[in-house]
2 protein chains.
Amino acid sequence: MPAKRQPAPATAEHAPLQLEHFLPYRLSILSNTISQTIADDYQRRYDISVTEWRVMAVLARFDGLSAREVAERTAMDKVAVSRALARLVAAGRVSRAIHDDDKRRSVLGLTETGWAMHDEVAPMARAREREVLAKLDAEERAWLERILDKLQPAKP
Amino acid sequence: MPAKRQPAPATAEHAPLQLEHFLPYRLSILSNTISQTIADDYQRRYDISVTEWRVMAVLARFDGLSAREVAERTAMDKVAVSRALARLVAAGRVSRAIHDDDKRRSVLGLTETGWAMHDEVAPMARAREREVLAKLDAEERAWLERILDKLQPAKP
DNA sequence: TGCAAATGGTTTCATATGAAACTATAACGT
DNA sequence: ACGTTATAGTTTCATATGAAACCATTTGCA
């Protein structure tokens, strides 16, 4: 019975997954494609990784965060944040001080250099996002928004 | 002028990205969360990685593919496929022969052991997908389908 | 107080990953 | 035929990543 498996019978007997219609797979491909396209824009130019850029993006919005808070907001783990910060501080893009009331905690923020870079990269990132969304019409964009909201874990 | 940056003024001056509304970022989080949830199901139990599982999934559908064809269908690069195959063959889950007319090419397929595992994992994966999609109603699911089709590069 | 448990952050170690170099075979052009 | 170029697949090397161990400080509470 289990002889050489040929395409047709195998399908019939075993109900294999169709990856191209499998949501997790499709999301993974789409997400990687989009992120990589955007990252290509700035990685070579500024020698910065996606994780580093994400750290900079949250610090642009929330000045004075601790490393743990950055990790929360970026959904990265603390090791990744620690390493990204080490590089960013070394490159003079992020400043790190020690919290007055708690010497374990760091107080992070963009430096002037960091801001300068941010102000160049942020518009590029937004432009790329617009390019992607341009493939959809207004109605589809609205649904996408709504669908992502429902699927997302939704943090407090 | 560039003194201590505080949250509010920074935002006003520099228009920072709001990651939580930035499509690439949201997709990345969502995709990782979902893939990881599913992977947790089988990784420990079967000592297999996501990439290995994807290779098995395409071989379940298309018997006799070459490594390059597997790479195409999984959107993985050939190094990743080569390594996944090495492990899968060693574990006795995939069979590898040499193509009759082209000795460079391999002819791949699931073994009986591979099929047995496939037939346990595939339903689990599908069940997880259903759990995710259960958060959406029928209309939203239809839109998601349509939106993914439009955003996806669409391979021949 | 003073000591156990918790927390912020870094380092270590083992594994994962991709680009480029490499080997073997096949296809092409003359 | 025969050398050049292309292709399938593997190996190497350098980098990325996460879990767990680790250090320093703070918190909780007897």
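These numbers come from a predicted model, not from an experiment. Convention: sequence-line order gives letters A, B, ...; per-chain numbering from 1.
- Remark: nothing in residues 38-55 of chain B comes within less than 4.0 Å of DNA chain D through any heavy atom.
- In this structure, CZ of A:Arg105 is placed 12 Å from P of C:dT7, rounded to the nearest angstrom.
- Side-chain atoms of B:Thr37 come within 3.5 Å of backbone N or O of B:Thr33 as a donor-acceptor pair.
- The CD atom of B:Glu72 sits 12 Å away from the C1' atom of D:dT7 (whole-angstrom rounding).
- Evaluation of the salt bridge (charged side-chain N to carboxylate O under 4.0 Å, His left out) test over residues 76-85 of chain B, restricted to residues two or more places apart or in two chains, returns none.
- Summarising the geometry, the separation between CG on B:Asn32 and P on D:dA16 is reported as 18 Å, rounded to the nearest angstrom.
- Contact annotation: B:Ser82 reaches the phosphate of D:dT10 (side-chain N/O to OP1 or OP2, under 4.0 Å).
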Below 3.5 Å is the cut-off: list the nitrogen or oxygen pairs between protein and nucleotides 19-25 of chain D, distance only.
unit_1	atom_1	unit_2	atom_2	d
D:dT25	O2	A:Arg104	NH1	3.2

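- Residues that satisfy the salt bridge (Lys or Arg N to Asp or Glu O under 4.0 Å) test with A:Arg87, not counting sequence neighbours, are A:Asp47, A:Glu52.
- Scanning for ring pair (Phe, Tyr, Trp, His ring centres under 6.0 Å) contacts around A:Tyr42 gives A:Trp53, with sequence neighbours left out.
- In terms of the salt bridge (Lys or Arg N to Asp or Glu O under 4.0 Å) criterion, A:Asp101 has no residue partners (sequence neighbours excluded).
- Atom NE2 in B:His99 sits roughly 15 Å away from atom C1' in D:dG9 (whole-Å rounding).
- Salt bridge annotation for B:Arg146-A:Glu139: absent, with no cationic side-chain nitrogen under 4.0 angstrom from a carboxylate oxygen.
- Sequence neighbours left out, not one pair with a member in residues 71-107 of chain A passes ring-ring contact (aromatic ring centres under 6.0 Å, His included).
- Legend: salt bridge (charged side-chain N to carboxylate O under 4.0 Å, His left out) pairs involving residues 27-37 of chain B, not counting sequence neighbours: none detected.
- Across all strands, B:Arg96 comes closer than 4.0 Å only to sugar-phosphate atoms, never to a base (heavy-atom distances).
- The salt bridge (charged side-chain N to carboxylate O under 4.0 Å, His left out) contacts involving residues 22-39 of chain B comprise A:Glu145-B:Arg26, A:Asp149-B:Arg26, where partners must be two or more places apart or lie in separate chains.
- The CG atom of A:Leu108 sits 13 Å away from the P atom of C:dG8 (whole-angstrom rounding).
- Atoms CD1 (B:Ile98) and C1' (D:dT10) sit 13 Å apart, rounded to a whole Å.
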